[in-house]
Amino acid sequence: MNKNKISIVILAAGKGSRMKSPKAKVLHSICGKEMLYYIIKTSREISDDVTVVVAHQKDAVIASMSRYFSDIKFVTQDALNFPGTGGAMKNVNIKNERVLVLNGDMPLLQKNSLDKFFEIQSDIVMSIFELENPSGYGRVIIENGEVKRIVEQKDATKEELKVQSVNAGIYAFSKKIIEKYIPLLQNNNAQEEYYLTDVISMARNDGIKITPLLVDEEEFKGVNSKKDLSDAEIIMQEKIKNSLMESGVIMQLPSTIYIEDGVIFEGECIVENGCRITGESKIINSHIKAHSIIEDSIVKNSDVGPLAHLRPASNLEDTHVGNFVEIKKSTLKGVKAGHLSYIGDATVDEGTNIGAGVITCNYDGINKYKTTIGKNVFVGSDSQLIAPITLEDNVMVAAGTTVRSGTVYSGELAVSSSKLRVIKDFYYKFFAKK
Ligand code: UD1
Ligand code: CA
């Protein structure tokens, strides 16, 4: 298909009151990215002329989408004077001969399904699905196999409410249809809005054929509530994980694993049950054990967990990280940190062992400081490293030591524990008194 022959308009100006949220509906996230992001991404695969109609919280919508896309147009709807999906089309300028109108609240739309709208040669193609409970949707009135009009829930008669064919809300129009009928829309309906759906009945009255296209309910279901949002997220999770498994990732109990859009896997990777991997994380030839959390981090030739937490900007290579270890903004290369540690704002080099309960004290309440640990260092259990601090190569820190800011030089042992006192029969005296 010729990418340049189609324009796409995405309606994203509505309030989305049913979300019960101060945030614009289209900015709610699914698998780590805003709903609108997915629709624009799919649209860009089809068209070079993508327009997003904004109004409600327009600055926030434009700002967040501009982080991902530089080549889309934003048009502002005059929502005060021309509310409604038809009002949203008023200021839109269409470059190509045909235009696909999408809703900003349909994050699951796939390119293959949208291509079908253009395989049909017709001035108006509209999406339909059949629902046992059509509540909330515009009903499609079909007579003698032909679409006559769409009636909104709030305008429908008792008889019309029973109709189970509903308008999925996606249409392909010839440019001339939009140019002719959008200016003619009226708002004499229950919501006093300008309905895009009225284009259908107006065109039909002029003898223009409306072609219905049956679409997949799951994919074309709009997200209107937070329940819909979580339903859509479950579906998208399944897609993300299925595609990762197809590309070679091993997953145990995938239904318990959460992996965000954009996480990259390379080589042979295993992800055990209960893991959460988010943001710009990249996992290469590694084993992520049960219930670990990895955020915006890189893990290469390593094993992590169970129950480990890599916070943003952690970078692991040839490293073993065991249970209850938290790492933040740190680079570990060839390191073993087996148990119960916090490693923050640190670099740790090859052959180094971080004992159980070691903590980098990186924060003094005002500023954060760096910890630098060299090669073949042995940090004994339950030690605190008060940053800024450097442990050069070949250093030992005795168990239970507090190393204050500064440098421990190569070959040195740092030990701060005081001499052990032993008091004879103390135990018996102490408890006998109680
Ligand atoms: C719309 C259809 C309905 C269809 C349903 C499918 C109309 C009048 N009704 O209803 O027939 O069954 O979609 O999901 O078109 N929007 C704007 N500006 C506005 C109002 C809405 O840009 O003034 C945008 C919204 O951000 C959203 C889309 O249009 O992305 C749909 O709006 P929504 O309020 O969800 O429409 P429905 O009432 O669901
Ligand atoms: Ca909707």
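Both ligands and their constituent atoms are indexed starting at 1 by order of listing.
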Notebook entry, point to check: Below 4.0 Å from any atom of ligand 1, is there a heavy atom belonging to Val166?
Noted result: no
Item checked: contact_flag Val53 ligand 1 heavy-atom lt 4.0 Å -> no
Next item on the list: Closest by any non-hydrogen atom to atom 12 (O) of ligand 1: pick that one out of Asn167, Leu131, Val26.
Entry: Asn167
Item checked: Residues in side-chain contact (heavy atoms from CB on, under 4.5 Å) contact with Lys226, at least two apart in sequence or another chain -> Met19, Ser21, His28
Check: Does ligand 1 have any atom that is closer than 4.0 Å to a heavy atom of Gly84?
Finding: yes
Note to self: Within ligand 1, which atoms have a heavy atom of Ala168 less than 4.0 Å away?
What the structure shows: 6 (C), 14 (O)
Margin query: Tell me the contacting part of Ala55 for ligand 1: side chain, backbone, both, or neither, using a 4.0 Å heavy-atom threshold, strictly below.
Written below: neither
Notebook entry, point to check: Looking only at distance, does Gly136 have an N or O less than 3.5 Å from an N or O of ligand 1?
Noted result: no
Checklist line | side-chain contact (heavy atoms from CB on, under 4.5 Å), paired with Tyr342, selected from Asn362, Val325, Ile327, Val358 | finding: Asn362
Check: Looking at Gln77, which atoms of ligand 1 are within less than 4.0 Å of one of its heavy atoms?
Finding: 17 (C), 18 (N), 19 (C), 22 (O), 23 (O)
Checklist line | Note: Asp123-Lys209 ion pair, threshold 4.0 Å (strictly below) | finding: no
Item checked: Residue portion contacting ligand 1 (non-hydrogen atoms closer than 4.0 Å) for Lys25 -> side chain
Note to self: Less than 4.0 Å is my threshold; does some heavy atom of Ala79 fall inside it relative to ligand 1?
What the structure shows: no
Check: Salt bridge between Lys370 and Asp345, side-chain N to carboxylate O under 4.0 Å?
Finding: no
Check: Phe129 vs Tyr137 aromatic rings, parallel, tilted or perpendicular, using cut-offs 30° and 60°?
Finding: perpendicular
Note to self: Below 4.0 Å, non-hydrogen atoms only: which portion of Asn224 touches ligand 1? Side chain, backbone, both or neither.
What the structure shows: side chain
Please tabulate, one pair per line, all N/O donor-acceptor pairs under 3.5 Å involving side-chain atoms of residues 162-170, not counting sequence neighbours.
unit_1	atom_1	unit_2	atom_2	d
Lys162	NZ	Glu159	OE2	3.0
Gln164	NE2	Glu132	O	3.2
Ser165	OG	Glu130	OE1	3.4
Ser165	OG	Glu130	OE2	2.7
Asn167	OD1	Gly169	N	2.8
Asn167	ND2	Tyr171	OH	2.9

Notebook entry, point to check: Any nitrogen or oxygen of Thr85, main chain or side chain, under 3.5 Å from a nitrogen or oxygen of ligand 1?
Noted result: yes
Notebook entry, point to check: Can Arg204 and Glu146 be counted as an ion pair, charged N to O under 4.0 angstrom?
Noted result: yes
Next item on the list: Work out whether the distance between some heavy atom of Gly14 and some atom of ligand 1 is less than 4.0 Å.
Entry: yes
Margin query: Assess whether a salt bridge exists between Arg149 and Asp198, defined as any Lys/Arg side-chain N lying under 4.0 Å from an Asp/Glu carboxylate O.
Written below: no
Notebook entry, point to check: Under a 4.5 Å cut-off applied to non-hydrogen side-chain atoms, are Val304 and Leu316 in contact?
Noted result: yes
Check: Does a salt bridge link Lys333 with Asp349, judged by any charged N lying under 4.0 Å from a carboxylate O?
Finding: no
Item checked: Element-labelled atoms of ligand 1 that are located less than 4.0 Å from some non-hydrogen atom of Gly104 -> 30 (O)
Check: Charged N to carboxylate O below 4.0 Å: is that the case for Lys368 and Asp364?
Finding: no
Item checked: Within-cut-off N or O pair, Glu152 and ligand 1, under 3.5 Å -> yes
Next item on the list: Please indicate whether any nitrogen or oxygen in Leu11 is less than 3.5 Å from any nitrogen or oxygen in ligand 1.
Entry: yes
Check: Got a salt bridge between Lys5 and Glu97, using NZ or NE/NH1/NH2 to carboxylate O under 4.0 Å?
Finding: no
Notebook entry, point to check: Just which atoms of ligand 1 are under 4.0 Å from any heavy atom in Gly138?
Noted result: 3 (C), 4 (C), 11 (O), 12 (O)
Next item on the list: Quick one: look at Arg18 and ligand 1, take heavy-atom pairs under 4.0 Å, and tell me if it's side chain, backbone, both or neither.
Entry: side chain
Notebook entry, point to check: So, the side chain of Ser286 versus the backbone of Asp303: is there a donor-acceptor pair under 3.5 Å, distance only?
Noted result: no
Check: Near Asp105, which atoms of ligand 1 are under 4.0 Å from a heavy atom of that residue?
Finding: 30 (O), 35 (O)
Notebook entry, point to check: How does Ala88 reach ligand 1, if at all, at less than 4.0 Å between non-hydrogen atoms: by side chain, backbone, both, or neither?
Noted result: side chain
Check: Is there a nitrogen or oxygen of Ala13 sitting under 3.5 Å from a nitrogen or oxygen of ligand 1?
Finding: yes
